[in-house]
Structure formats: C-alpha cells, structure tokens
Asker: 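Here it is, the structure in full.
Since the structure is predicted, the reported quantities are computational estimates derived from the model, not experimental observations. Labels below follow one simple rule: chain letters A, B, ... track the order of the sequence lines, proteins then strands, and each chain is numbered from 1.
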2 protein chains.
Amino acid sequence: MAINFQDKCRELGISPSITRKKIYEFLDECKTHPTADEIYRKLVVSLPTLSKTTVYNVLSLFLEKGLVEIINTEATEKRYEISNHPHSHFHCKECHQLFDVPKISIMYNKDKMPGFQVSKEEIYLIGICPSCSKKI
Amino acid sequence: MAINFQDKCRELGISPSITRKKIYEFLDECKTHPTADEIYRKLVVSLPTLSKTTVYNVLSLFLEKGLVEIINTEATEKRYEISNHPHSHFHCKECHQLFDVPKISIMYNKDKMPGFQVSKEEIYLIGICPSCSKKI
DNA sequence: GTCCTTGCAAAGCGTTTGCACAGAA
DNA sequence: TTCTGTGCAAACGCTTTGCAAGGAC
C-alpha cells in the first residue's frame, strides 16, 4: 500500500478498524474491481464473523470519504476501486473482465458544450483483451 | 424518426408490433435515457394493458438486435438509448440528469496497451450542467 | 394447426434499512 | 454513560423467469 491506511483514516477522521483495513487492502491489491459480494467472499475466510452489511457499510463510508469509487458498468451490480491512481478502463467483450489501462487524454471543444462545467472525465474502452485475442 | 421502424424490423427479421414501435419511438424521441420503469410509466397511458415484462422483453430483443444500448452508470438500474448517433455523455452531479454532448475524440498510445483490440470507446463526463450552474 | 407476442405472478439477486448488541472512549 | 462498529433479519427495488392466454399466419 502506497500510503499508510492508519494515516488516511486519521486525515479523514474515521477509525482504522481491522475490518476497514482489510477491505481497503483488498481493494488496493485486487486488480479485478470487485463487487461487494466478491469482497465479502474473499474476506470472510479470515474474518469469519464478517457480514455483507458491514461490507456495504464500509464501502459506503469509503465512498463518502472519497477513498473508493464506483465504476460505471452496464451491469446492475456495483464494482469498486481505490480512487488514487488515474487510469482508464477496458472491458473485454469475450471474458467480461474489466482491465485498467493507462489514463487516456481527451480533447473536446468547450464551445460545443456551453455552460457545462466538467470536473471529471471517464473513458471506457470496449474490445478484446490480449488473452482472448489469442484464443479466437 | 430518421429511419422507418418497419424497415428496420424487416432488416432484422422481427415483426414491428405496435408495442415495439411505441417503445422504439419513445426511446428515439426521449432525451432522458429512460429506465425500463420510465418507459413503462410513459407508455402504459396509451397502452393500458402494457406490462413491465413486455418492456423488458422488447428491450432485451432490441439489445440483441443492436437497436438500443445500455448506458454505463453508477446506479443499479439500467438506462437505455437508441444506438444510432455517436455522442458522449455528461452526468450532472447536482440534478443527476444525464445529457448527450457532442462526440468527444480520444487519443491513446496503442503501444501502452499491447494486445488490446479496441472496438468501441465511451466517454463519460461528470460535472455541473448549465441550469444547475446558474442556481449555485 | 404452429409460432410469436404479450403479460401475470413469482422468483432471483444485489442493495439498503431497522434494530440490537458489543466494545471503545 | 454515550458513541461507534458490527451484523442478523427483513425489506426493498430492479430484473429475470415460468408459464399460459391470445393473436397472427
């Protein structure tokens, strides 16, 4: 983990409980943009009393504090990621995995969008990932 | 409607029933990227026997045939739009409306994404829309 | 007759809420 | 004591499925 979780919590005024730490660490290490259920299933092994409610509680706290973000997807379930590194997303049509790819810069003409104040840009690419390319 | 719905259906090998026609027309006219429920509530006025199941059936047929697309959002409910005109999306943080904005072109270095074959690009801007800008 | 469209009812699934218990301050 | 973190159980909302009735051909 790049920045100490305890320090982040202190900054944000929340307590660094073991549950929160494990959820944060898992999100930080995990490359698969997990759903709440995936986080739960992974962590319940080492935290046997963990409940899904707690996962939801912690994720909603993290969202509020800006520690994590929800990724826009077509699906109804929500996927989460740590909001610390700028990047774009690539969705594979074959295996439906969601990959991180280097941040893509965009260019737009502000004159064509009068009055719209842009504070964030998200780029989502769709196609075939390297390993699926080989299979086809 | 730019292209005749009957003709599109003939091309795709599906029958242009009145229900399908109305759903297609509403999606085509509607600028708000409606959910299935919004489509239902709007159309049940003129089609009193309409059920939500039918709305879902028709949307899923349209998706399969490529007539409509699902828009990636943070929310759990799905939003639909006719897939005929290239454009990007703008989400207002204040009023949570989803706007169409002119298609934004992107530039990316393919060398940084070895093996990834991109077939589609989606750009999603977040910020404050013109009318909310005035209110603040 | 068959095939397709429609729609009621129920199930499914991810998420949120109500509430209570336990531990920390 | 109060406040906070946790978690069971139930409710909730959107979507999907099973199945049957009605219509087109």
Asker: Any Lys/Arg nitrogen of K120(B) or E69(B) sitting under 4.0 Å from an Asp/Glu carboxylate oxygen of the other?
Answerer: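 Judged by the 4.0 Å cut-off on N to carboxylate O distance, K120(B) and E69(B) do form a salt bridge.
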Asker: Do L12(A) and L59(A) sit in one hydrophobic cluster, given that two such residues count as connected whenever their side-chain heavy atoms are within less than 4.5 Å of each other, even indirectly?
Answerer: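 Yes, L12(A) connects to L59(A) through the hydrophobic network.
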Asker: With distance as the sole criterion, is a donor-acceptor pair present between the side chains of H89(A) and E81(A) under 3.5 Å?
Answerer: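 Yes, side-chain donor-acceptor contact under 3.5 Å.
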Asker: Select base, sugar-phosphate, or nothing to describe what T76(B) touches, counting heavy atoms under 4.0 Å on all strands.
Answerer: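 Here T76(B) touches the backbone only, sparing every base.
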Asker: Measure the distance from CD1 on I39(B) to C1' on dT15(D) and round it to the nearest whole Å.
Answerer: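 It is 13 Å, rounded to the nearest whole Å.
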Asker: Of the options dT15(C), dT5(C), dG7(C), whose atoms approach the side-chain atoms of S17(B) most closely?
Answerer: dT5(C)
Asker: Measure the distance from CG on L63(B) to C1' on dT16(D) and round it to the nearest whole Å.
Answerer: 14 Å
Asker: For L47(A) and dG5(D), what is the distance between atoms CG and C1' respectively, to the nearest whole Å?
Answerer: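 Going from L47(A) (CG) to dG5(D) (C1'), I get 13 Å.
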Asker: For C95(A) and C129(A), work out which heavy atoms get closest and say how close.
Answerer: SG-SG, 3.9 Å
Asker: How many whole angstroms separate atom CG of L50(A) from atom P of dG7(D)?
Answerer: 6 Å
Asker: Hey, does S15(A) reach any base, or is it just sugar-phosphate, or nothing, if we go heavy atoms under 4.0 Å?
Answerer: sugar-phosphate
Asker: Using whole Å, what does the distance between atom P of nucleotide dT17(C) and atom NZ of K52(A) come to?
Answerer: 17 Å
Asker: Using a heavy-atom cut-off of under 4.0 Å over every strand shown, decide if K78(B) touches base, sugar-phosphate, or nothing.
Answerer: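 Counting heavy atoms under 4.0 Å across all strands, the contact made by K78(B) is with sugar-phosphate only.
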Asker: Determine the contact category for T54(A): base if any of its heavy atoms lies under 4.0 Å from a base atom, sugar-phosphate if only primed atoms, P, OP1 or OP2 are that close, otherwise nothing.
Answerer: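 T54(A): base contact, heavy atoms under 4.0 Å.
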Asker: Tell me what N57(B) touches on the nucleic acid: a base, only sugar-phosphate, or nothing, going by heavy atoms under 4.0 Å.
Answerer: base
Asker: Under 4.0 Å, heavy atoms only, any strand: does T49(A) hit a base, just the sugar-phosphate, or nothing?
Answerer: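 It contacts sugar-phosphate atoms only.
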Asker: Looking at the side chain of Y56(A), which of dT15(C), dG5(D), dC8(C) is the nearest nucleotide?
Answerer: dT15(C)
Asker: Tell me: CD of E74(B) to P of dG14(C), nearest whole Å?
Answerer: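 After rounding, the reported distance stands at 19 Å.
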Asker: Let me know the distance between CG of L61(A) and P of dT16(C), rounded to the nearest Å.
Answerer: 14 Å
Asker: Between dT15(D), dA9(C), dT15(C), which one does the side chain of E77(A) approach most closely?
Answerer: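 Given the options dT15(D), dA9(C), dT15(C), the side chain of E77(A) is closest to dT15(C).
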Asker: So does T19(A) get a side-chain nitrogen or oxygen closer than 4.0 Å to the phosphate oxygens (OP1/OP2) of dT6(D)?
Answerer: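 Yes, because at least one side-chain N or O of T19(A) sits under 4.0 Å from OP1 or OP2 of dT6(D).
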Asker: Could you state the CD-P distance from E64(B) to dT16(D), rounded to the nearest angstrom?
Answerer: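 In whole Å, dT16(D) P lies 13 Å from E64(B) CD.
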Asker: Would you indicate whether K112(A), at its atom NZ, is surrounded by more than 12 heavy atoms from other residues, nucleotides or ligands within a distance under 6.0 Å?
Answerer: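 Check fails, neighbour count at 12 or below.
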Asker: With heavy atoms under 4.0 Å as the rule, sort T53(A) into base, sugar-phosphate or nothing.
Answerer: base
